[in-house]
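Here the structure is laid out as structure tokens; the discussion comes afterwards.
Everything numeric here is computed off the predicted structure, so don't read it as measured data.
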Amino acid sequence: MTSTVEGDLVTLIMPEADMHSLRRAAELAEEATGLRAEIIRGVLMMSPTPRLKHARVINVINRQLVPALPAELETFQVASLALPRDPEDYATPDLLVADSAVGESDDWLVEAGSSELAVEVVSVSNSTKDTREMVSWYAEADVPAYLVIDPRQGNWTLHTAPRAGAYQGTLHGVYGDKISLERLGVTLETEGLPRYGEPGEAGQRERRGGRQGG
């Protein structure tokens, strides 16, 4: 087995003879390292615990989705999605909207056809994984909508209408633009989403308070 490191992402490449045991290797790697494992195009990828601003973006989006979704749909954080017709590949988006019945399963994989939306937040030193590589993956998994939020630049991209392994619709926007999830009947607000490298509201208040008290 060989490994490469790009930003926060560790990629483990298994010898071809061991491909049948990739999911077992992923399970052992998660237990040993505490990192999140995914198998993308036959490659085992390990991601560290997200930074706090990364987590806040997901919290903000999740809080908007939960009360707006129809009863038959629910949000799931760190739930894994299987790639159809592939015995190994699976991805674990930051947030997944899927059938509520998924939450009744003792399995750990959401099967194709049960999901409506996958949301990924780009990490500080992310490679092109979320912004390029995963676009075709989620399209092939037939996820109706794939939303990528990038706190590095303060923008977002919504991919919709998967067909033959590719999304037919792509919409770009910046923080402050609303995201219309027409299939779900939900509109997301992006004003005030955190950006990497900028102090949050709490930090700004502390700095203002320090100046006033100085």
### Within 6.0 Å of CD in Glu72, more than 12 heavy atoms from elsewhere
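Yes, because the 6.0 Å sphere around CD of Glu72 holds more than 12 heavy atoms from other groups.
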Keeping [X] on the side-chain end and [Y] on the backbone end, is there a donor-acceptor pair under 3.5 Å?
X: Asp177; Y: Val174; value: yes
X: Ser115; Y: Leu117; value: no
X: Ser114; Y: Ala98; value: no
X: Gln168; Y: Ala166; value: yes
X: Asp150; Y: Arg152; value: yes
X: His159; Y: Ala145; value: no
X: Asn155; Y: Gly173; value: no
X: Thr170; Y: Thr160; value: no

Is there a chain of hydrophobic side chains (I, L, V, M, F, W, Y, each step under 4.5 Å between heavy atoms) that links [X] to [Y]?
X: Leu171; Y: Ile179; value: yes
X: Val78; Y: Ile61; value: no
X: Val57; Y: Val66; value: no
X: Val124; Y: Trp156; value: yes

Would you say [X] and [Y] make side-chain contact, with heavy atoms under 4.5 Å?
X: Lys178; Y: Leu188; result: no
X: Arg23; Y: Ile39; result: yes
X: Arg51; Y: Arg56; result: no
X: Leu181; Y: Leu65; result: yes

### Query
Tyr175 pairs by side-chain contact (heavy atoms from CB on, under 4.5 Å) with which of Gln153, Glu189, Arg195, Glu191?
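For Tyr175, the side-chain contact (heavy atoms from CB on, under 4.5 Å) test succeeds with only one of Gln153, Glu189, Arg195, Glu191, which is Arg195.
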Least distance between heavy atoms, [X] atom then [Y] atom:
X: Asp99; Y: Gly113; value: OD2-O, 4.4 Å
X: Thr92; Y: Glu38; value: N-OE2, 2.7 Å
X: Leu109; Y: Ala82; value: CD2-N, 3.9 Å
X: Val135; Y: Tyr167; value: O-CE1, 3.3 Å
X: Leu44; Y: Ala37; value: CD1-CB, 4.0 Å
X: Val110; Y: Leu96; value: CG2-CD2, 3.9 Å

### Query
Are Arg41 and Glu140 ion-paired here, with the side-chain N under 4.0 Å from a carboxylate O?
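Glu140 and Arg41: salt-bridged.
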### Query
Does a side chain donor of either Trp137 or Asp89 reach within less than 3.5 Å of an acceptor in the other side chain?
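Side-chain D/A pair, Trp137 to Asp89: present.
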### Query
Side chains of Glu120 and Tyr146: do they bring a donor and an acceptor to under 3.5 Å?
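Absent: no donor and acceptor within the cut-off.
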